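Everything below concerns the one structure shown next.
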Amino acid sequence: MGEHGPARLTRRRFLRDSAAGGAALGSVALGGAAALLSACEGGGGTPGDDRRARTVRFDLNRRIESPELWNPLAPGFRDDSGFNAALCEPLFMLNYETGEIEPWLGLEFTSNDTLDVWTLRLRDGVTWSDGEAFDADDVVFTTELLRTGPAEINFGHAIAIQRWVAAVRAVDPLTVEFTLTAPNPRFQLDHFAVKIVRCIPILPEHIWAGQDPLTFQNYDLDQGWPVFTGPYKLTSTGQSLVTWERDPEWWGVDAGFQELPAPEFLEFEVAETEEVRVARAGDNEFDVLDDVSGGAFETLRARNERFVSWYPELPYAWEDPCTRLFSLNNAVEPWNDRDLRWAVNFAVDKDQIVEIAYEGTTSKPRMFFPPYPPLEVYVDLLEEAGVFEEYPILDHDPDRARQLIESKGWTSDGEGYYSRDGVELTLQIDVISEGSEGIRLANVVSEQLQLAGIRTTLRRLAFATFAENLAQGAFEAAVDFSACGSVSEPWFSMDLFHQRRVVPLGQPADGNAVRWANAEYSRHVDAMAGLPLGDPRIEGHFIAAAREYLRDLPFFPAAHAKKLYCFNTTYWTGWATSEDNYIHPPPAVNSSHRIIHHLRPATDG
């Protein structure tokens with residue numbers, strides 16, 4: 001803090017402070033980074049290493065707390081160490097590049113004219129990794145488990161299935177019929193196609209029947225567990241390294257679906273800091289880095305020119321579907337006052353977030369949706385209707401921020417901070433400790449709020465603790481991504497903030513962690529829910545709901561999230577890039593089966 005109040009935020013000072021805290025390798029001078037790279041030696045091998053050349057190696061940025069837990073319904077489960085990419089195959093996957101829902105284990109999913117009965121047809125010849133047939137009974141069993149199972153199931157689709165599915169039955173071994181409680185045009189898209197990370201994982205009834213879905217580990221290598229349909233089998237697991245080996249008996253070959261994937265082994269290894277991740281990748285120890293800063297990628301590419309990203313030049317990164325938010329707890333004082341929430345918004349310079357926290361690799365959002373063309377059509381409607389003129393969410397206006405704060409009786413002390421009745425205006429900002437993106441964003445926002453007279457503190461939390469606190473309402477503010485869900489239409493993300501999701505502090509929330517209740521917003525979101533996708537009647541309800549959201553501003557979008565995935569072409573080619581955009585590029589989600597099957601040894605070309 002300066003002599004006359006909070007110190008002015010500058011790019012130079014932010015980068016200096018971040019580098020000192022180890023938050024961003026991208027801010028380190030190239031010479032210093034090269035020294036770090038040279039000092040770090042790993043076991044990744046050289047291009048002549050035979051086992052290494054048959055392996056795809058992924059990085060993880062945090063330790064696996066329960067490495068023997070392979071139950072996707074149980075609390076504490078992690079799906080990014082191979083569950084999505086190696087083990088569990090989806091029924092369908094949404095391809096962001098084409099907008100099409102592509103079949104995998106399923107062939108087609110159609111509805112009746114009234115959108116309340118859906119029929120799923122499965123692909124013939126699919127088997128579980130133990131040889132048992134994958135069929136309609138497994139889909140019915142999984143659906144019933146989610147529909148009637150305990151409320152503590154750690155899987156968001158369970159609540160949705162309980163809400164939407166009245167009955168499910170096997171018509172024949174390859175056909176399943178779902179009878180819904182109400183018309184739902186998004187039933188396949190939201191629950192059975194990989195839209196963000198994964199869809200509902202179908203479970204093998206012959207293994208799961210009779211198991212407690214909350215305590216079953218689903219792990220016994222001697223029995224071949226975990227059993228799913230994917231082309232890889234788990235061979236070892238630990239807190240720092242998970243290894244998979246290709247299954248020569250994978251169903252896809254005999255069924256005429258696809259050949260075996262080229263990589264014989266997949267390995268997921270923890271490298272917790274960006275500096276270590278980039279250093280080891282520079283020595284070819286990794287084939288995939290799951291998101292780094294822009295400066296880190298430039299440092300890596302200077303060290304190892306075989307690394308590529310989604311775009312060959314700036315902004316390098318792919319646009320992630322989960323826009324980053326700055327969320328305020330609407331159930332705690334003084335942030336239950338929408339004027340103070342707007343004051344926070346006016347105090348935050350989103351251009352500065354883009355410039356400093358993201359090094360120019362992203363853009364500032366108008367709404368809490370990713371900037372994909374189908375969604376931008378809706379957001380443009382708000383521009384045309386003058387909604388953003390009425391509620392100027394992108395304006396950086398420190399004077400307006402101070403006016404709103406002072407209108408509530410807060411006065412500035414000699415150091416530039418506000419207080420009222422002897423109590424200082426403070427704000428604690430929660431952020432996930434693993435990874436640098438959220439920390440960098442939080443640091444910029446914190447500095448800006450201090451300049452506006454709000455004393456801030458940052459609380460860095462492990463992801464599991466952060467998520468629990470968010471759900472329980474045990475926070476004041478958070479940098480999060482809890483509006484994630486809409487990719488091709490706006491209803492899903494908007495429904496996450498429906499007032500029916502509001503629960504008291506201390507009880508876990510299913511969405512709407514900010515605990516915002518607005519009846520008019522919720523009414524219009526409900527009206528959108530029953531309309532077919534693309535129906536023009538959605539537009540009026542969307543504009544009305546968005547106006548209610550902007551009026552109350554329970555949270556605001558802080559930045560479009562850019563994911564700068566790095567792919568090593570030393571051993572493997574065929575990565576998803578903007579120049580070969582057969583699918584979107586996230587490497588550890590359930591749609592990445594397409595990427596794994598697309599890879600070819602670099603020596604082939």
Side-chain angles (χ1 to χ4, degrees), residues 94 115 156-157 159-160 163-164 182-191 193 195-196 319-328 330 338 341 345 365-385 387-388 390-391 393-394 470-471 480-503 509-558 560-561:
L94 175 66
L115 301 171
H157 289 287
I159 294 174
R163 175 187 175 192
W164 286 109
N184 185 347
R186 303 167 183 84
F187 187 62
Q188 177 190 18
L189 175 66
D190 287 347
H191 308 301
K195 191 174 68 169
I196 303 294
E319 295 168 333
D320 183 85
C322 300
T323 298
R324 284 1 183 196
L325 314 178
F326 190 80
S327 294
L328 290 155
N330 290 215
R338 71 182 176 212
R341 297 195 295 269
N345 180 77
R366 296 175 293 173
M367 283 288 283
F368 49 85
F369 310 110
Y372 300 159
L375 289 167
E376 287 289 89
V377 169
Y378 285 97
V379 180
D380 287 344
L381 293 175
L382 303 180
E383 292 276 11
E384 296 166 8
V387 177
F388 291 127
E390 186 178 0
Y391 300 108
I393 190 172
L394 288 180
L470 199 69
D480 69 294
F481 38 86
S482 58
C484 192
S486 285
V487 173
S488 56
E489 57 83 33
W491 174 84
F492 189 97
S493 289
M494 300 186 83
D495 187 66
L496 291 173
F497 299 95
H498 193 288
Q499 67 177 10
R500 74 170 178 279
R501 299 179 185 267
V502 175
V503 297
D510 171 39
N512 206 348
V514 295
R515 288 161 168 78
W516 170 57
N518 182 304
E520 187 68 3
Y521 171 91
S522 301
R523 183 176 71 83
H524 286 289
V525 170
D526 283 340
M528 293 168 61
L531 296 173
L533 295 177
D535 190 306
R537 290 174 293 176
I538 292 174
E539 296 177 1
H541 294 294
F542 170 79
I543 293 171
R547 181 175 276 113
E548 292 297 313
Y549 155 72
L550 289 165
R551 181 177 69 92
D552 286 358
L553 205 65
F555 61 90
F556 61 82
H560 285 311

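Given the structure is predicted, the values throughout are model-derived calculations rather than measurements. Both backbone and side-chain heavy atoms feed into the values below; hydrogens, waters and symmetry mates do not.
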- Message: Ignoring hydrogens, what is the shortest heavy-atom contact between Ser488 and Leu189? Give both atom names and the distance.
- Response: OG-CD2, 3.8 Å
- Message: How close do Val487 and Pro321 get, counting heavy atoms only, and between which atoms?
- Response: CG2-CB, 4.3 Å
- Message: Can you confirm if the aromatic rings of Tyr549 and Phe368 lie within a centre distance of less than 6.0 Å?
- Response: yes
- Carefully, step by step, assess Glu319 and His560 under the rule side chain to side chain contact (heavy atoms under 4.5 Å, CB included). CA-CA 7 Å; Glu319 295 168 333; His560 285 311; over 6 Å; no
- Message: Using a 3.5 Å distance criterion without hydrogens, assess whether the side chain of Asn184 forms a donor-acceptor pair with backbone atoms of Ala182.
- Response: no
- Item | Worked verdict on Phe369 versus Thr323 for side chain to side chain contact (heavy atoms under 4.5 Å, CB included) | CA-CA 6 Å; Phe369 310 110; Thr323 298; 5.6 Å; no
- Item | Check: Asp190 and Lys195 side chains under 4.5 Å, non-hydrogen atoms | yes
- When Trp516, Phe497, Phe481 are each screened for ring pair (Phe, Tyr, Trp, His ring centres under 6.0 Å) with Phe555, the one that passes is Phe497
- Task: Taking the side chain as every heavy atom from C-beta outward, state whether Asp320 and Pro370 have any pair of such atoms under 4.5 Å apart.
- Result: no
- Message: Could you tell me if the side chain of Leu328 sits less than 4.5 Å from the side chain of Val514, heavy atoms only?
- Response: no
- Message: Suppose we screen for side chain to side chain donor-acceptor pair (under 3.5 Å). Which residues come up paired with Glu376, at least two apart in sequence or across chains?
- Response: Arg366
- With a 4.5 Å heavy-atom cut-off, do Arg341 and Asn330 have their side chains touching? yes
- Of Met528, Arg500, Arg186, the residue whose pairing with Asp495 passes side chain to side chain contact (heavy atoms under 4.5 Å, CB included): Arg500
- Message: For a quick test of reading the model, state the closest non-hydrogen atom pair linking Arg324 to Cys322 and the distance between them.
- Response: NH1-O, 2.6 Å
- Item | Side-chain touch Asn512/Pro554, heavy atoms, less than 4.5 angstrom | no
- Message: Please report the interatomic distance CG(Leu375) to CE(Met367), rounded to the nearest 0.5 Å.
- Response: 10.5 Å
- Are Glu390 and Leu550 close enough that some pair of their side-chain heavy atoms sits under 4.5 Å apart? no
- Item | Atom of Met494, atom of Ala546 and distance for their closest heavy-atom approach | CE-N, 4.1 Å
- Note on the structure: Heavy-atom closest pair (Cys484 atom, Ile196 atom, distance to 0.1 Å) is SG-CG2, 3.7 Å
- Arg547 (side chain) donor-acceptor with Val387 (main chain) under 3.5 angstrom: no
- Would you name the heavy atoms of Ser327 and Asp480 that are closest together and state the gap between them? OG-OD1, 2.6 Å
- Item | Atom pair NE2/CZ of His524 and Phe542 - distance to nearest 0.5 Å | 12.5 Å
- Any chance you could lay out the side chain to side chain contact (heavy atoms under 4.5 Å, CB included) test for Ile538 and Tyr378, step after step, and finish with the verdict? CA-CA 9 Å; Ile538 292 174; Tyr378 285 97; 3.8 Å; yes
- Can you sort out the partners of Arg515 under side chain to side chain donor-acceptor pair (under 3.5 Å), two or more places apart, ordered by chain and number? none
- Message: Could you walk me through whether Phe388 and Val379 satisfy the side chain to side chain contact (heavy atoms under 4.5 Å, CB included) test, starting with their C-alpha distance in whole Å, then the side-chain angles of each, then the deciding distance to 0.1 Å, before giving a yes or no?
- Response: CA-CA 10 Å; Phe388 291 127; Val379 180; 4.0 Å; yes
- In this structure, CG of Asp552 is separated from CD of Glu520 (nearest 0.5 Å) by 11.5 Å
- For Phe556, the ring pair (Phe, Tyr, Trp, His ring centres under 6.0 Å) test, sequence neighbours excluded, returns Phe326
- Do Arg551 and Tyr391 have side chains that get closer than 4.5 Å, going by heavy atoms? yes
